[in-house]
Novice: 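One structure is given below, represented as C-alpha coordinates, and several questions about it will come after.
Numbers here simply count residues along the sequence, with the first being 1.
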Amino acid sequence: MAQAQPAYVERPRRRGRRALVVLVVLLLLLVGILVVADRVAVGVAERAIADQVRQEVAKQGAQSAPPEVEVGGFPFLTQVLNGRYERISIVLREVRGSVQGDAISLPKLDVDARQVSASLDTIRSGQGEVVAETVHGTATVSYDSLAALLDRPGLKLSEKDGKLGVTAPVDVLGQQLTVTGTADVAISEQGKVSLRFNDLNAEGLPNVPVARTLLNNYARSISIDVPLPELPFQLAVREVRPTPDGLAVTADATNVPINSAG
(Lines give C-alpha, C1' and ligand atoms only; values in the text may rest on other atoms or scores of the structure.)
Protein backbone atom coordinates (compact mmCIF):
# COMPACT_ATOMS: atom_id res chain seq x y z
CA MET A 1 0.00 0.00 0.00
CA ALA A 2 1.41 3.35 -1.07
CA GLN A 3 2.41 5.69 1.70
CA ALA A 4 0.44 8.96 1.83
CA GLN A 5 2.39 12.08 0.89
CA PRO A 6 2.42 14.92 3.45
CA ALA A 7 0.18 17.84 2.53
CA TYR A 8 2.04 20.80 0.93
CA VAL A 9 2.02 23.74 3.29
CA GLU A 10 1.67 27.11 1.42
CA ARG A 11 0.96 29.35 4.38
CA PRO A 12 4.59 30.47 5.13
CA ARG A 13 5.23 31.30 1.47
CA ARG A 14 1.96 33.26 1.23
CA ARG A 15 2.85 35.21 4.34
CA GLY A 16 6.26 36.09 2.86
CA ARG A 17 4.69 37.23 -0.39
CA ARG A 18 2.15 39.35 1.47
CA ALA A 19 4.93 40.98 3.50
CA LEU A 20 6.83 41.77 0.28
CA VAL A 21 3.74 43.40 -1.25
CA VAL A 22 3.23 45.49 1.88
CA LEU A 23 6.89 46.55 1.81
CA VAL A 24 6.67 47.57 -1.86
CA VAL A 25 3.49 49.56 -1.20
CA LEU A 26 5.12 51.32 1.75
CA LEU A 27 8.18 52.16 -0.34
CA LEU A 28 5.99 53.56 -3.12
CA LEU A 29 4.09 55.66 -0.60
CA LEU A 30 7.37 56.93 0.86
CA VAL A 31 8.68 57.82 -2.60
CA GLY A 32 5.42 59.60 -3.38
CA ILE A 33 5.62 61.59 -0.15
CA LEU A 34 9.24 62.55 -0.88
CA VAL A 35 8.36 63.63 -4.44
CA VAL A 36 5.46 65.75 -3.17
CA ALA A 37 7.68 67.30 -0.48
CA ASP A 38 10.34 67.95 -3.10
CA ARG A 39 7.89 69.76 -5.39
CA VAL A 40 6.44 71.77 -2.51
CA ALA A 41 9.95 72.90 -1.55
CA VAL A 42 10.61 73.91 -5.17
CA GLY A 43 7.47 76.04 -5.19
CA VAL A 44 8.48 77.82 -2.01
CA ALA A 45 11.96 78.56 -3.38
CA GLU A 46 10.62 79.75 -6.74
CA ARG A 47 8.22 82.19 -5.10
CA ALA A 48 10.96 83.55 -2.82
CA ILE A 49 13.38 84.09 -5.73
CA ALA A 50 10.63 85.67 -7.86
CA ASP A 51 9.99 88.20 -5.08
CA GLN A 52 13.68 89.08 -4.89
CA VAL A 53 13.89 89.50 -8.67
CA ARG A 54 10.85 91.78 -8.63
CA GLN A 55 12.54 93.98 -6.02
CA GLU A 56 15.76 94.18 -8.05
CA VAL A 57 13.91 95.18 -11.23
CA ALA A 58 12.06 97.90 -9.30
CA LYS A 59 15.35 99.23 -7.86
CA GLN A 60 16.58 99.86 -11.40
CA GLY A 61 13.55 102.00 -12.19
CA ALA A 62 12.23 99.40 -14.61
CA GLN A 63 8.86 97.69 -14.84
CA SER A 64 7.83 94.17 -15.79
CA ALA A 65 5.14 91.61 -15.33
CA PRO A 66 5.61 89.36 -12.27
CA PRO A 67 8.78 87.26 -12.73
CA GLU A 68 8.38 83.61 -13.68
CA VAL A 69 10.96 81.42 -11.92
CA GLU A 70 11.75 77.75 -12.44
CA VAL A 71 14.33 75.82 -10.42
CA GLY A 72 15.78 72.97 -12.47
CA GLY A 73 17.35 69.71 -11.42
CA PHE A 74 15.94 66.77 -9.46
CA PRO A 75 15.74 66.03 -6.65
CA PHE A 76 15.50 69.56 -5.32
CA LEU A 77 15.93 68.66 -1.64
CA THR A 78 19.33 67.11 -2.35
CA GLN A 79 20.40 70.34 -4.01
CA VAL A 80 19.19 72.25 -0.94
CA LEU A 81 21.31 70.11 1.37
CA ASN A 82 24.34 70.59 -0.89
CA GLY A 83 23.68 74.33 -1.20
CA ARG A 84 24.18 74.15 -4.98
CA TYR A 85 21.59 74.17 -7.77
CA GLU A 86 22.02 73.11 -11.37
CA ARG A 87 19.88 75.78 -13.01
CA ILE A 88 17.47 78.58 -12.22
CA SER A 89 15.45 80.01 -15.12
CA ILE A 90 13.82 83.43 -14.87
CA VAL A 91 11.43 84.98 -17.38
CA LEU A 92 10.55 88.68 -17.29
CA ARG A 93 7.81 89.86 -19.65
CA GLU A 94 6.99 93.38 -20.83
CA VAL A 95 10.19 94.86 -19.42
CA ARG A 96 10.28 98.63 -19.81
CA GLY A 97 12.91 101.13 -18.75
CA SER A 98 13.19 104.87 -19.26
CA VAL A 99 15.98 105.82 -21.68
CA GLN A 100 16.42 109.51 -22.54
CA GLY A 101 12.72 110.14 -22.02
CA ASP A 102 11.66 107.25 -24.25
CA ALA A 103 10.76 103.70 -23.26
CA ILE A 104 12.70 100.79 -24.72
CA SER A 105 10.47 97.74 -24.74
CA LEU A 106 11.69 94.23 -24.04
CA PRO A 107 8.67 91.98 -24.62
CA LYS A 108 10.53 89.09 -23.01
CA LEU A 109 13.80 88.71 -21.11
CA ASP A 110 14.94 85.11 -20.54
CA VAL A 111 17.62 84.57 -17.90
CA ASP A 112 19.35 81.23 -17.41
CA ALA A 113 21.52 80.93 -14.26
CA ARG A 114 23.79 77.91 -13.91
CA GLN A 115 25.60 76.35 -10.94
CA VAL A 116 23.85 78.48 -8.36
CA SER A 117 25.12 78.53 -4.75
CA ALA A 118 22.80 79.23 -1.81
CA SER A 119 23.02 77.98 1.74
CA LEU A 120 20.17 76.13 3.39
CA ASP A 121 19.71 79.06 5.76
CA THR A 122 19.34 81.44 2.80
CA ILE A 123 16.61 79.31 1.26
CA ARG A 124 14.83 78.89 4.60
CA SER A 125 14.98 82.52 5.76
CA GLY A 126 15.10 84.39 2.45
CA GLN A 127 18.10 86.31 3.78
CA GLY A 128 21.50 86.34 2.06
CA GLU A 129 22.73 86.02 -1.50
CA VAL A 130 22.03 83.43 -4.17
CA VAL A 131 25.08 83.49 -6.44
CA ALA A 132 25.34 82.00 -9.93
CA GLU A 133 28.59 81.03 -11.61
CA THR A 134 27.22 81.95 -15.02
CA VAL A 135 24.15 83.89 -16.15
CA HIS A 136 22.99 84.01 -19.76
CA GLY A 137 20.26 86.38 -20.89
CA THR A 138 18.35 86.84 -24.14
CA ALA A 139 15.89 89.61 -24.89
CA THR A 140 14.15 91.26 -27.81
CA VAL A 141 14.03 95.00 -28.45
CA SER A 142 10.82 95.79 -30.32
CA TYR A 143 11.07 97.60 -33.64
CA ASP A 144 8.33 99.99 -32.54
CA SER A 145 10.52 101.16 -29.64
CA LEU A 146 13.48 101.73 -31.95
CA ALA A 147 11.31 103.61 -34.46
CA ALA A 148 10.03 105.84 -31.64
CA LEU A 149 13.62 106.78 -30.74
CA LEU A 150 14.41 107.65 -34.37
CA ASP A 151 11.33 109.91 -34.36
CA ARG A 152 10.72 110.05 -38.11
CA PRO A 153 7.06 110.08 -39.26
CA GLY A 154 6.13 106.93 -41.15
CA LEU A 155 9.46 105.16 -40.53
CA LYS A 156 9.17 101.39 -40.11
CA LEU A 157 11.84 98.88 -39.14
CA SER A 158 11.87 95.15 -39.81
CA GLU A 159 14.14 92.18 -40.44
CA LYS A 160 15.20 91.79 -44.07
CA ASP A 161 17.36 88.84 -45.11
CA GLY A 162 19.04 88.78 -41.72
CA LYS A 163 19.65 92.53 -41.65
CA LEU A 164 17.82 95.49 -40.14
CA GLY A 165 15.61 96.94 -42.85
CA VAL A 166 14.04 100.38 -42.98
CA THR A 167 11.17 101.88 -44.98
CA ALA A 168 10.29 105.57 -44.69
CA PRO A 169 8.65 108.40 -46.65
CA VAL A 170 11.15 111.19 -47.40
CA ASP A 171 10.73 114.55 -49.15
CA VAL A 172 13.50 114.97 -51.73
CA LEU A 173 13.48 118.15 -53.80
CA GLY A 174 9.75 118.51 -53.40
CA GLN A 175 9.00 114.88 -54.24
CA GLN A 176 7.57 112.40 -51.71
CA LEU A 177 9.66 109.26 -52.14
CA THR A 178 9.73 105.93 -50.30
CA VAL A 179 13.21 105.20 -48.99
CA THR A 180 14.28 101.61 -48.37
CA GLY A 181 17.53 100.08 -47.22
CA THR A 182 19.38 98.25 -44.46
CA ALA A 183 21.59 99.07 -41.53
CA ASP A 184 24.69 97.59 -39.94
CA VAL A 185 23.92 96.59 -36.35
CA ALA A 186 26.61 96.18 -33.69
CA ILE A 187 27.40 96.65 -30.00
CA SER A 188 29.44 99.74 -29.15
CA GLU A 189 32.12 99.85 -26.47
CA GLN A 190 29.61 101.49 -24.11
CA GLY A 191 27.21 98.57 -24.51
CA LYS A 192 24.83 100.50 -26.76
CA VAL A 193 23.20 99.15 -29.92
CA SER A 194 24.81 100.89 -32.88
CA LEU A 195 22.60 101.41 -35.96
CA ARG A 196 24.35 102.61 -39.12
CA PHE A 197 22.14 103.11 -42.19
CA ASN A 198 24.50 103.30 -45.14
CA ASP A 199 22.64 101.61 -47.99
CA LEU A 200 19.51 103.65 -48.69
CA ASN A 201 17.77 103.99 -52.03
CA ALA A 202 14.54 105.48 -53.33
CA GLU A 203 12.68 104.65 -56.52
CA GLY A 204 12.35 107.77 -58.67
CA LEU A 205 15.24 109.58 -56.95
CA PRO A 206 16.29 112.48 -59.21
CA ASN A 207 19.60 111.77 -60.91
CA VAL A 208 21.36 114.82 -59.54
CA PRO A 209 24.13 115.00 -56.87
CA VAL A 210 22.07 117.10 -54.46
CA ALA A 211 19.36 114.41 -54.33
CA ARG A 212 21.89 111.75 -53.35
CA THR A 213 23.37 114.13 -50.77
CA LEU A 214 19.93 114.66 -49.19
CA LEU A 215 19.42 110.89 -49.02
CA ASN A 216 22.83 110.40 -47.41
CA ASN A 217 22.03 113.11 -44.87
CA TYR A 218 18.79 111.32 -43.99
CA ALA A 219 20.72 108.08 -43.51
CA ARG A 220 23.10 109.81 -41.09
CA SER A 221 20.20 111.39 -39.18
CA ILE A 222 18.69 107.99 -38.35
CA SER A 223 22.04 106.32 -37.59
CA ILE A 224 22.20 106.35 -33.80
CA ASP A 225 23.55 104.50 -30.77
CA VAL A 226 20.59 103.13 -28.82
CA PRO A 227 21.13 102.97 -25.04
CA LEU A 228 19.53 99.86 -23.57
CA PRO A 229 17.90 99.75 -20.15
CA GLU A 230 20.20 98.42 -17.46
CA LEU A 231 19.78 94.66 -17.45
CA PRO A 232 19.44 92.82 -14.14
CA PHE A 233 22.07 90.46 -12.74
CA GLN A 234 24.96 92.56 -14.10
CA LEU A 235 24.28 91.21 -17.59
CA ALA A 236 26.57 92.70 -20.25
CA VAL A 237 25.38 92.76 -23.86
CA ARG A 238 27.58 90.64 -26.17
CA GLU A 239 25.61 90.30 -29.40
CA VAL A 240 22.62 91.78 -31.21
CA ARG A 241 20.95 90.56 -34.40
CA PRO A 242 17.75 91.33 -36.29
CA THR A 243 14.90 88.79 -36.12
CA PRO A 244 11.30 88.94 -37.35
CA ASP A 245 10.16 89.91 -33.81
CA GLY A 246 12.78 92.60 -33.15
CA LEU A 247 16.45 92.97 -32.34
CA ALA A 248 17.56 89.88 -30.41
CA VAL A 249 20.03 90.83 -27.67
CA THR A 250 22.35 88.31 -26.02
CA ALA A 251 24.04 89.09 -22.71
CA ASP A 252 26.00 87.21 -20.05
CA ALA A 253 27.70 87.60 -16.68
CA THR A 254 29.74 85.49 -14.25
CA ASN A 255 29.75 85.11 -10.48
CA VAL A 256 26.80 87.39 -9.79
CA PRO A 257 23.98 87.41 -7.22
CA ILE A 258 20.62 86.69 -8.78
CA ASN A 259 18.73 88.08 -5.80
CA SER A 260 19.12 91.05 -3.52
CA ALA A 261 21.01 90.37 -0.32
CA GLY A 262 18.71 90.32 2.67
Novice: Under a 4.5 Å cut-off applied to non-hydrogen side-chain atoms, are L215 and L177 in contact?
Specialist: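 Side chain of L215 against side chain of L177, heavy atoms only: no contact under 4.5 Å found.
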Novice: Which pair of heavy atoms, one from T254 and one from V256, lies closest together, and at what distance?
Specialist: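 Nearest pair, atom of T254 first, then V256: O-CG1, 3.3 Å.
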Novice: May I ask you to test the K192-I224 pair for a side-chain heavy-atom distance under 4.5 Å?
Specialist: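 A side-chain contact under 4.5 Å is absent here.
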Novice: State whether K108 and E68 are salt-bridged, where the test is any N-O pair (Lys NZ or Arg NE/NH1/NH2 against Asp/Glu carboxylate O) under 4.0 Å.
Specialist: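 Salt bridge flag = no for E68 with K108.
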Novice: By the definition side-chain contact (heavy atoms from CB on, under 4.5 Å), identify the one residue from D151, L149, L150, V179 that meets it with I222.
Specialist: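 One option only clears the test, and that one is L150.
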Novice: Tell me, please, which residues at least two apart from T182 pass side-chain hydrogen bond (donor to acceptor under 3.5 Å, both in side chains).
Specialist: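 None.
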Novice: Any chance you could measure T134, atom OG1, to N255, atom CG, to the nearest 0.5 Å?
Specialist: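 The CG atom of N255 is 9.0 Å from OG1 of T134, to the nearest 0.5 Å.
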Novice: Do L195 and V185 pass the side-chain contact (heavy atoms from CB on, under 4.5 Å) test, and can you show the C-alpha distance, the side-chain angles, and the key distance before you say yes or no?
Specialist: CA-CA 5 Å; L195 308 180; V185 181; 4.0 Å; yes
Novice: Write down the atom of D245, the atom of Y143, and the distance for their closest heavy-atom approach.
Specialist: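 D245 and Y143 have their closest heavy atoms at C-CE1, 4.1 Å.
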Novice: Knowing that exactly one of I187, L146, V237 qualifies, which makes a side-chain contact (heavy atoms from CB on, under 4.5 Å) with V193?
Specialist: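 Filter result, single survivor: I187.
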Novice: Ignoring hydrogens, what is the shortest heavy-atom contact between L155 and P169? Give both atom names and the distance.
Specialist: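 For L155 and P169, the tightest heavy-atom pair comes out as N-CD, 4.3 Å.
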Novice: Mind checking what makes salt bridge (Lys or Arg N to Asp or Glu O under 4.0 Å) contact with E239, not counting sequence neighbours?
Specialist: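 In terms of salt bridge (Lys or Arg N to Asp or Glu O under 4.0 Å), with neighbours along the sequence ignored, E239 is linked to no residue.
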Novice: Show your working on side-chain contact (heavy atoms from CB on, under 4.5 Å) between V111 and L92 and close with a plain yes or no.
Specialist: CA-CA 8 Å; V111 178; L92 295 172; 5.5 Å; no
Novice: For a quick test of reading the model, state the closest non-hydrogen atom pair linking V172 to P206 and the distance between them.
Specialist: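 That would be CG1-CD, 4.4 Å.
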Novice: How many angstroms lie between OG in S158 and NZ in K163, if you round to the nearest 0.5 Å?
Specialist: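 Result: 13.5 Å between the selected atoms.
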Novice: For residues G204 and Q175, report the shortest heavy-atom separation together with the two atoms involved.
Specialist: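 For G204 and Q175, the tightest heavy-atom pair comes out as O-OE1, 4.0 Å.
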Novice: Not counting sequence neighbours, which residues clear side-chain hydrogen bond (donor to acceptor under 3.5 Å, both in side chains) with T167? List them please.
Specialist: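 Result, side-chain hydrogen bond (donor to acceptor under 3.5 Å, both in side chains) vs T167: none returned.
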Novice: If I take atom CG from residue L205 and atom CZ from residue R212, how far apart are they, to the nearest 0.5 angstrom?
Specialist: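 Answer rounded to 0.5 Å: 5.5 Å.
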Novice: Do the side chains of V91 and V116 join up, straight or via other hydrophobic residues, at under 4.5 Å, putting them in one cluster?
Specialist: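 No, V91 and V116 fall in different hydrophobic clusters.
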Novice: Of all heavy-atom pairs between P242 and L164, which one has the smallest distance, and what is that distance?
Specialist: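 Closest pair (atom of P242, atom of L164, distance): CG-N, 3.5 Å.
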Novice: From Q115 CD over to E86 CD, what is the distance, rounded to the nearest 0.5 angstrom?
Specialist: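 Going from the CD atom of Q115 to the CD atom of E86 covers 7.0 Å.
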Novice: Could I get the full list of side-chain hydrogen bond (donor to acceptor under 3.5 Å, both in side chains) partners for N216, not counting sequence neighbours?
Specialist: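 Scan of N216 (side-chain hydrogen bond (donor to acceptor under 3.5 Å, both in side chains), adjacent residues dropped) gives none.
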Novice: Verify side-chain contact (heavy atoms from CB on, under 4.5 Å) between E159 and R241, making sure each step is shown before the conclusion.
Specialist: CA-CA 9 Å; E159 182 269 339; R241 60 185 177 84; over 6 Å; no
Novice: Mind checking the CZ-CG spacing from R152 to L157? Nearest 0.5 Å is all I need.
Specialist: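 Answer for the CZ-CG pair, R152 versus L157, is 12.0 Å.
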Novice: In chain order, what residues pass the side-chain hydrogen bond (donor to acceptor under 3.5 Å, both in side chains) check against R238, with sequence neighbours excluded?
Specialist: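 Scan of R238 (side-chain hydrogen bond (donor to acceptor under 3.5 Å, both in side chains), adjacent residues dropped) gives D252.
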Novice: Could you grab the distance from atom OG1 of T140 to atom CG of D110, nearest 0.5 Å is fine?
Specialist: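 T140 atom OG1 to D110 atom CG measures 8.5 Å (nearest 0.5 Å).
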Novice: Considering residues at least two apart in sequence or located in another chain, which fulfil the salt bridge (Lys or Arg N to Asp or Glu O under 4.0 Å) criterion with R196?
Specialist: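 Salt bridge (Lys or Arg N to Asp or Glu O under 4.0 Å) list for R196, sorted by chain: D225.
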Novice: What I'd like to find out is whether the side chain of S117 reaches to under 4.5 Å of the side chain of E133, using heavy atoms alone.
Specialist: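 They are not in side-chain contact.
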Novice: Assess whether side-chain contact (heavy atoms from CB on, under 4.5 Å) is satisfied between V226 and V141, documenting all intermediate values.
Specialist: CA-CA 10 Å; V226 180; V141 179; 5.8 Å; no
